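Worksheet: one structure, shown below.
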Amino acid sequence: QDIAEVPREATVIIENEFGRVAVPDNMNPYIAGQYLDWGMWQATQESLFYLNYESGELIPWLASGNSFNEDKSSVTISIRDGVKWADGTPFTANDVVFTINMLKANPDLQYSFDMQQWVADISAPDDSTVVMNLTRPNPRFVSTYFGVRIWDTILIAPQHIWEGVDPTTFTNYDLEAGLPMGTGAFRLVRSTETEQVYDRRDDWWAAETGFHALPAPQRAIWLGAPGEDLRAALMSNNELDAGWTFSRSTFEVAQSRNPNIVGWTEDLPYAYLDPCPRYLGLNNRAAPFDDREVRWALNAAIDRDVLVAIAYEGMTDPAATLYPTYAPLQAFLDRNAALFEQYDVLGSDMMLIDSVMEGKGYSRDADGLWVDGDGARISFTLVARSSQTDKVRMGNILAEQVRDAGFDASFQPLEDGIFYADVSNGALQAWITDLCGSVSDPYETFSRFHSRFSGPIGESVPGVNASRFENAEYDEVVDAMAVLAASDEGFDDLADQALEIWLRELPGIPLVQARLLTPFNNTYWTNWPSSDNNYIHPGHWWVTGALMLLNIPPAG
Amino acid sequence: MATMSGQARESVVVLAVEGLSIHYEMRAATVRAVDGVDFELRDNEVLGLAGESGSGKSTLALGILRLLRAPGRVVAGSVRFGATDLLALDESALRELRWRQFAYIPQGSMSALNPVMRLQAQFRDTLTAHGERMPRAAMHARFVDVLQGVGLDADLLPRYPHELSGGMRQRVCIAMAMLLGPRLIIADEPTSALDVISQRVVLETLAAARKAIDASMLLIGHDMALLAQVTDRLGIMYAGRLVEMGETGTLFRDARHPYSRRLIASVPDVRARREFQSEAMDSEPQWPLDEPLQEVAAGHFVRPWGGGYDS
Amino acid sequence: MSVDLLTLSDVHKSFSRGYRNRVDALQGVSLSVAAERPQIITIAGESGSGKSTLGMLALGFLSPDAGELRFRGQEIAGLRGQALRDFRQSVQAIFQNPFATFNPVYPVDHVLRLTLRNFSTGAEQASRETRISDALRAMHLDPALVLGKYPHQLSGGQLQRVLLARAFLLRPQLIIADEPVSMIDASLRAVVLANMLELKERHGISWLYITHDLSTARQISDTLLILYRGRIVEAGPMERVLDAPQHPYTQLLIQAIPRPDPTQRWQAPLDWQGDESAETVTAAASGCAFYARCPFRMDRCLEAVPPLLATPADTQAACFLHEPGAARPG
Amino acid sequence: MTPRYLGMRLATFVLTILVASTLNFAISRLTPQDPIAALLGRMASRGRTVENGAEILALYRERLGLDDPLPQQYLNYMGNLLRGDLGYSLAFFPIKAEAVILRALPWTIGLLSVATLLAFTVGNLLGALAVWPRVPAGFRWLVYLSMPFSAVPYYLLALILVYLFALNWSVFPLGGAFTPGSVRGFDLATLGDLLHHATLPVLSVVLAVIGFWALSMRGIMATVLGDDYLIYAQARGLRSRRIFSHYAMRNAMLPQVTALAIDFGRLISGQVLVEIIFNYPGVGWVLYNALRAADFFVIQGVTLFMVFAVALATLILDLIYPLLDPRIRY
Amino acid sequence: MTRRLPRFLTPVMTLGLALLALVLVPGLLGQFVADPEQMRLMAGGINAPPGHDHPLGTQNEGRDLLTYILKGMPNTLLIGLVGGGSAVLLGTVLGMLAGYVGGLLDGVVRNTVDIGLTIPPLAILIMIAASFSIVTPLMMGLVIALTSWMHPTRVIRSQVLSLREREFVLLLRLSGASPLHIVFRELMPNLIPFLAATFVNAVATAILASIGLEVLGLGSFQTPTLGNLIYFAIIGNAMWLGLWWWWLPPIVIFIVLFMGLFFVSTALDTLANPRLEQG
Ligand SMILES: Nc1ncnc2c1ncn2[C@@H]1O[C@H](COP(=O)(O)OP(=O)(O)OP(=O)(O)O)[C@@H](O)[C@H]1O
Ligand SMILES: Nc1ncnc2c1ncn2[C@@H]1O[C@H](COP(=O)(O)OP(=O)(O)OP(=O)(O)O)[C@@H](O)[C@H]1O
Ligand SMILES: [Mg+2]
Ligand SMILES: [Mg+2]
């Protein structure tokens with residue numbers, strides 16, 4: 001008998017968005033590319049801070065607060081009293097210092113380069129204080145790296161476990177020894193390819209100190225569902241309490257079978273706004289999209305309303321920029337309404353296409369497709385990762401739209417291995433992708449088009465600025481923004497300038513906002529996050545999922 | 001067929017075939033392999049059936065034994081074994097009769113044994129299928145007995161068929177036929193693939209074994225010289241019909257039907273050389289085959305062919 | 001001195017069946033077919049004695065393990081180009097099973113035409129047709145009846161004669177016929193044999209007639225070779241061998257031939273030691289293969305293989321009984 | 001069986017593995033996929049800025065030996081193989097490829113062997129009975145009825161099965177190998193749970209291939225039916241069931257058994273889709289995932305395992321074949 | 001003893017051909033009557049059930065499914081034909097030469113085939129399909145052929161091995177026929193029914209393989225095929241949404257097509273092996 005028996009009513013079952021775990025016995029969170037969103041992140045670990053970016057609030061958790069010095073080049077983080085690792089060892093500032101130093105020392109670990117780049121030195125004057133001196137001023141340092149800005153964060157390692165192991169090969173997995181060791185309310189009891197089981201720890205520090213009550217579920221299980229339809233089936237059979245995403249129609253059918261299934265809102269769009277707008281990446285260093293006017297012409301060919309209506313079944317909104325429309329960002333965009341009149345991204349204008357293209361010396365051939373002076377068509381393939389359903393669904397529609405406008409495009413989904421290889425070495429012309437950049441201020445998204453991430457075609461670049469957009473004026477503005485907090489003087493002006501350049505150049509074509517319909521099942525557990533009860537972002541696969549586990553009382 | 005039923009004879013009729021017709025019915029055409037054949041086989045008698053290749057001899061044997069495979073089908077006639085109408089029997093009753101009453105030595109006895117089973121298992125299968133329950137030792141003794149009857153050693157029993165030479169296999173089949181002491185043995189060209197020495201040994205074994213159990217035998221072959229050696233009576237088949245039948249001696253001396261005559265006349269003799277008349281045979285002679293057999297002498301039946309009965 | 005048409009000298013051939021299991025099909029056979037004088041040579045012997053293997057070797061379809069096969073003095077294996085065509089044209093064959101000798105998807109004349117096309121130089125289409133018709137008629141076949149017919153539409157005897165016609169068309173000097181009549185019933189058999197004889201006598205074609213049916217051999221052949229276990233045990237003019245066999249095996253063979261006469265039935269069972277067992281075969285491996293069954297066996301038969309020795313009947317027999325000074329059985 | 005044969009057979013086995021692993025190596029290096037770029041791309045797509053991308057690329061290439069010249073990589077690869085080291089998984093570094101594969105292996109082997117044997121048995125029985133004369137004519141149509149299942153691609157069949165049996169009627173679970181969170185041990189409840197979960201995956205494989213077995217068995221059986229030993233067995237009055245099992249089937253199975261080994265390999269491939277649909281742990285899914293992520297070492301490992309499995313199956317089969325067919329001797 | 005060639009049109013063959021015609025006639029000719037406009041985005045309502053305007057309904061982009069099927073079928077058939085055809089062609093040439101000529105050639109072919117058979121086809125297929133950005137039906141067919149020629153080669157070789165021992169081959173050699181003549185003019189016609197059956201099986205296998213790939217998202221997206229129709233039905237959750245008119249028709253077409261091919265190949269088997277012919 002390997003694990004205790006726990007009734008279904010006391011178990012919460014959450015979908016592992018990744019589907020299946022190829023290596024269920026590697027729980028090392030620092031390995032590059034490692035995603036431990038099948039419970040390790042949410043159930044066994046806790047973050048120093050959690051960012052609620054609907055509200056913009058940074059919730060202190062393992063830390064009790066932070067303060068920057070005047071020029072934002074040094075930050076002090078205070079550690080909460082009474083926090084203990086699962087084995088009873090106190091969690092102290094030394095664990096934080098150890099973790100950051102470990103990352104700096106091992107260049108192939110996740111976030112290693114970031115820490116090398118930003119942290120000049122780190123020290124723990126006492127057990128509950130961490131002082132970090134930065135190499136340059138960075139007002140976003142804490143929220144970016146310790147607040148779960150997107151998906152994950154830098155998790156703190158228990159020094160007494162990680163000391164003396166090789167962090168690049170340590171698997172951090174040993175159920176007997178209590179690994180993975182965290183401060184969270186649960187501990188791992190089983191990990192297989194298809195299921196991860198975590199049982200509640202009744203000696204959780206927060207319950208002992210009175211910081212937070214014990215979570216209601218005695219057990220949390222993560223399991224994979226291979227497709228949307230099976231996910232829907234599992235949910236309507238009450239075999240799943242929190243699912244990965246649904247398309248609108250699937251959701252509606254599921255809800256009609258099981259009214260306990262709910263979304264973010266009660267009515268359309270059911271979905272919440274995810275911070276990764278979808279856009280059409282274009283290769284800015286290869287013809288024909290090395291010409292901003294041609295990029296604009298291509299933009300004019302796209303009817304986003306059709307994308308929204310068909311690929312998203314009306315569940316999202318067209319996007320004019322790569323910013324999610326959270327309140328702080330919406331304010332930024334609203335401020336620049338005049339710019340959007342000048343650069344009408346959303347307008348689809350066939351006249352514009354004709355005038356631009358003819359001005360460039362193109363003409364239409366018998367099939368109505370643009371040909372250059374030599375009679376060669378503007379032929380390109382739109383690609384997307386085949387595993388990303390919404391982008392595949394957009395692909396055919398986009399190809400048809402730009403074809404109607406005279407661009408000889410076709411659509412082809414690609415496997416990850418080839419998609420990324422081609423994106424990073426510049427072999428592609430156009431690809432449908434997304435950008436997870438800014439959440440609370442405009443800097444992050446702008447930084448993704450900085451020329452330091454670019455490179456000549458044929459040379460591998462890391463895929464951040466895969467468009468290979470290079471503009472010295474833009475770089476300058478973005479560099480200036482980097483050292484300023486959003487509230488700092490001059491920041492807004494810089495942001496407005498950057499937006500102007502970005503819109504003028506249009507290095508990529510924004511398509512739609514990302515709205516994800518994350519379904520929850522109220523049959524066994526209630527109080528899932530919703531638009532009315534917005535205690536945390538509903539993406540339960542993020543590290544913030546921990547807060548969800550703490551906030552769901554049993555139904556009835 | 002009144003002409004065939006020589007009721008005068010006092011000996012018991014073991015097998016009576018009347019008006020038996022067997023057709024192979026295929027989409028494109030129907031082959032009338034056996035066409036209205038009648039004959040009787042009496043107690044302790046060896047009846048030979050000769051005829052050219054394809055004249056229906058094997059088909060006839062299979063038809064009597066009810067072993068025909070599709071598309072072969074008995075379309076008319078009757079086969080009586082003693083008092084039983086074989087064609088009317090159901091499968092299980094037929095199965096009871098098989099081997100206990102009539103045994104069969106197949107034409108391809110080279111390949112009649114299951115290649116993946118030891119001989120003793122195949123012997124045992126034959127016994128147990130007929131409810132013979134006896135201790136292993138007794139069974140083994142029985143096998144050794146029949147094997148010795150055909151001049152084979154007991155140490156063959158654990159062997160597989162492929163470990164035996166062709167002649168040995170044929171003798172195993174003869175031994176198998178003796179296992180339950182049947183009243184009738186139907187042997188279809190038991191020696192056609194063998195050299196003359198093996199041929200002779202096999203036939204002599206068969207004759208001795210048959211005599212030992214007093215069985216009758218239907219012996220099919222096309223080697224007239226061999227048939228001359230071992231049969232009491234001889235039937236000549238042509239195109240699915242019996243064209244002549246009589247005592248073997250009579251037939252060799254005084255064959256009437258031109259086909260029989262040619263068959264006998266063309267058998268070469270190893271002691272003498274003779275002249276061939278290389279007649280043209282572009283079209284096979286078409287004798288009328290529909291007229292009933294006529295008894296031209298006691299026990300000698302001939303099918304009229306339109307010519308005179310000259311000798 | 002004229003060169004023989006075909007000579008086999010001390011030919012050996014063995015087959016391996018799987019590993020370690022070897023069959024010595026021929027163990028030193030020599031024979032020759034003269035070029036100028038047509039003759040019919042019969043090769044007889046028990047099943048598996050190597051008769052067909054000999055035929056295949058002589059046709060160049062198998063290559064010997066040891067010994068020489070020569071066509072007009074040239075090694076057969078080395079024939080190429082025109083020499084090979086000459087060989088093919090001069091040495092033809094008729095196979096045992098007439099039904100398997102024609103490609104079932106083509107009319108029987110297909111192979112006739114093909115043969116002509118490949119072998120006749122510059123002959124006109126029209127003259128080819130007449131040659132085919134003539135050849136068929138020579139074999140007593142009506143061309144109208146045969147041409148365009150598929151193999152399954154003809155009887156075995158007819159097919160056999162089409163093959164004869166084909167051989168006739170080519171006018172080879174030698175035809176190797178492996179059991180050409182075994183599938184045919186007695187009445188047709190006579191016709192085929194007569195045709196063979198006619199080809200020899202009228203057209204000067206020699207035959208290597210492979211059979212185990214000595215009665216038919218008697219009717220047509222000039223010379224008789226008896227094979228036993230891959231060796232020639234007796235050779236000589238047909239009549240002499242058959243009428244006065246000198247080798248004990250030949251004697252037994254002839255004794256076993258049934259007579260087509262119900263009045264002369266077998267009297268006593270054949271004096272036969274039974275089937276060859278593994279032990280006797282091993283014992284005789286280095287000596288006379290017939291040792292195990294021989295009524296006259298001597299110790300020295302175990303020691304050496306008897307060579308072909310001249311016999312009083314003017315034949316040759318591979319038996320130590322015919323060594324000068326050996327005691328002859330009565 | 002002679003040592004020599006055993007040696008030869010083993011040599012062939014080793015050669016197969018050698019050639020296959022070389023091919024394996026070659027094929028995966030010929031694709032334009034780049035596993036490290038894929039890794040970084042995946043990170044970028046999840047909101048991580050990888051500022052030092054180029055360095056990480058170089059670092060990983062070096063660690064994994066991907067920056068060596070190809071011949072060197074090949075030698076390393078083969079050398080490691082000898083030591084049973086398949087290398088690191090590129091997508092799941094620092095986990096070893098063999099760890100990834102070995103974990104999935106038992107599931108695949110379990111599911112596959114059950115499905116294969118079931119399909120083999122049922123399919124062959126259906127096919128054999130379809131031509132067995134004493135079977136009601138209606139039964140013959142069973143074989144034809146089994147064909148449409150083979151016509152529907154595995155994947156769809158599995159989906160349809162899930163919809164019918166798991167979703168609409170809730171007879172079987174929707175996927176997985178066990179009930180999530182269930183307590184496991186060596187007891188009946190666990191076994192029952194396991195079987196309950198394996199039913200649909202097995203069924204979809206079985207239904208999809210049963211028809212093919214039935215079809216080829218039907219053909220073989222029809223040939224066997226005319227064989228002399230069947231007629232002879234019937235003549236001896238053997239019971240029909242005995243003839244069917246020990247005479248007909250026993251012989252007709254021989255060629256099918258050979259096909260089984262080859263089919264085993266094909267089934268492994270087919271398994272991929274089934275494992276995805278049923279969320280069943282196994283090698284198929286590992287392979288699929290590795291192919292998508294260009295995880296060379298895992299791909300090589302899985303393919304090699306498949307090659308090994310099939311080659312081993314063939315080897316074992318060849319070695320035991322003489323037991324099945326006593327005519328075969330090595 | 002007469003050997004008869006059964007007449008070509010047996011009942012099973014007729015049934016098979018009729019089923020094939022049911023699929024092939026609309027499949028091959030329908031594309032000429034289908035209106036390409038109907039295949040465009042929002043040519044009709046979204047997910048409309050079969051009705052007057054759209055006999056087979058529409059899918060989630062409002063494309064008319066009947067038109068999609070009519071346009072897609074020729075491509076799917078092309079994949080099958082190219083895949084099965086080139087596999088059998090290669091298999092025939094290699095198998096025949098290896099079987100007849102023997103020696104070194106045979107050794108090489110036999111070992112290549114044996115090794116090839118052990119390598120799982122799907123692995124190679126996925127690898128190749130994943131490596132090319134654009135997959136046309138023609139390429140798809142060739143890729144499939146690459147992994148499926150071994151089986152035909154193997155069976156054809158063994159057929160030739162048994163045929164070449166037949167006496168008529170020896171007679172042909174005696175008649176001065178060249179090996180090439182014997183293999184392709186004499187042996188080949190004997191194997192026609194067998195080759196046809198092999199071909200039919202290979203086509204079926206190729207279509208199945210291509211659907212497997214397309215369902216994994218590795219197919220052609222430029223051109224409509226039944227495989228990508230199913231792929232889109234799956235990612236569009238057609239079954240869950242109850243859109244039977246989307247996923248069922250292609251399956252029915254496959255069943256009819258395969259049953260047709262199956263009956264034809266059974267009938268051809270019977271031609272090649274008369275013992276199968278029975279009541
Ligand atoms: N299974 C079958 N299907 C169709 N026709 C058959 C079948 N078996 C035999 N025939 C035909 O029936 C006829 C008689 O065949 P059968 O085997 O009885 O002749 P046979 O006298 O025994 O010949 P042989 O001396 O060659 O053994 C022949 O024309 C043969 O072609
Ligand atoms: N291709 C072969 N492979 C293996 N063994 C063979 C082969 N051909 C012949 N043999 C064996 O060689 C020996 C001689 O065979 P061959 O066919 O020459 O005999 P035969 O005298 O023609 O016999 P039969 O009278 O039965 O036709 C036999 O033991 C035979 O089994
Ligand atoms: Mg017969
Ligand atoms: Mg022979």
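The chains referred to below are lettered A, B, ... by the order of the sequence lines, with proteins before strands, and numbering in each begins at 1. Bear in mind that the values here come from a model prediction, so they are computed numbers and not experimental data.
In this structure, OH in A:Tyr173 is found 11.0 Å from CD1 in D:Ile95, a value given to the nearest 0.5 Å.
Side-chain atoms of A:Arg219 come within 3.5 Å of backbone N or O of D:Gly181 as a donor-acceptor pair. In this structure, the side chain of A:Arg20 engages the main chain of D:Tyr280 through a donor-acceptor pair within 3.5 Å.
Annotation: A:Glu9, atom CD; neighbour count of heavy atoms from other residues, nucleotides and ligands within 6.0 Å is above 12. In the displayed structure, D:Leu188 atom CG is contacted under 6.0 Å by at most 12 heavy atoms of other residues, nucleotides or ligands.
Between chain D and the residues A:Val423, A:Asp229, A:Thr192, A:Asn425, the most heavy-atom pairs under 4.5 angstrom are made by A:Asp229. Counting heavy-atom pairs closer than 4.5 Å to chain D, the top residue among A:Thr11, A:Val23, A:Leu234, A:Asn237 is A:Val23. Annotation: maximal heavy-atom pairing with chain D below 4.5 Å, among A:Thr169, A:Val197, A:Leu435, A:Val6, occurs at A:Thr169. Per-residue heavy-atom pair counts under 4.5 Å with chain A were compared for D:Ala166, D:Gly176, D:Ser182, D:Ser170, and the maximum is reached by D:Ser182. Ranked by heavy-atom pairs shorter than 4.5 Å toward chain D, the options A:Leu230, A:Thr168, A:Val189 are led by A:Thr168.
Minimum interatomic distance between D:Val183 and A:Ala4 (heavy atoms only, all atoms of both residues): CG2-O, 3.8 Å. The minimum heavy-atom distance linking D:Ala104 with A:Glu193 is given by the pair CB-OE2, 3.8 Å. Minimum interatomic distance between A:Glu195 and D:Thr179 (heavy atoms only, all atoms of both residues): OE2-O, 4.3 Å.
D:Phe178 is not listed as a side-chain neighbour of A:Thr194, based on a closest heavy-atom distance of 4.5 Å or more. Looking at heavy atoms from C-beta onward, A:Pro24 lies in side-chain contact with D:Arg103 at the 4.5 angstrom threshold. D:Asn279 places none of its side-chain heavy atoms less than 4.5 Å from the side chain of A:Leu223.
When heavy atoms are compared at a cutoff of 4.5 Å, D:Val162 approaches chain A solely by way of its side chain, counted from C-beta outward. Of the atoms belonging to A:Arg8, not a single heavy atom falls under 4.5 Å from chain D.
A salt bridge does not link D:Arg184 to A:Glu5: none of the charged nitrogens lies less than 4.0 Å from a carboxylate oxygen.
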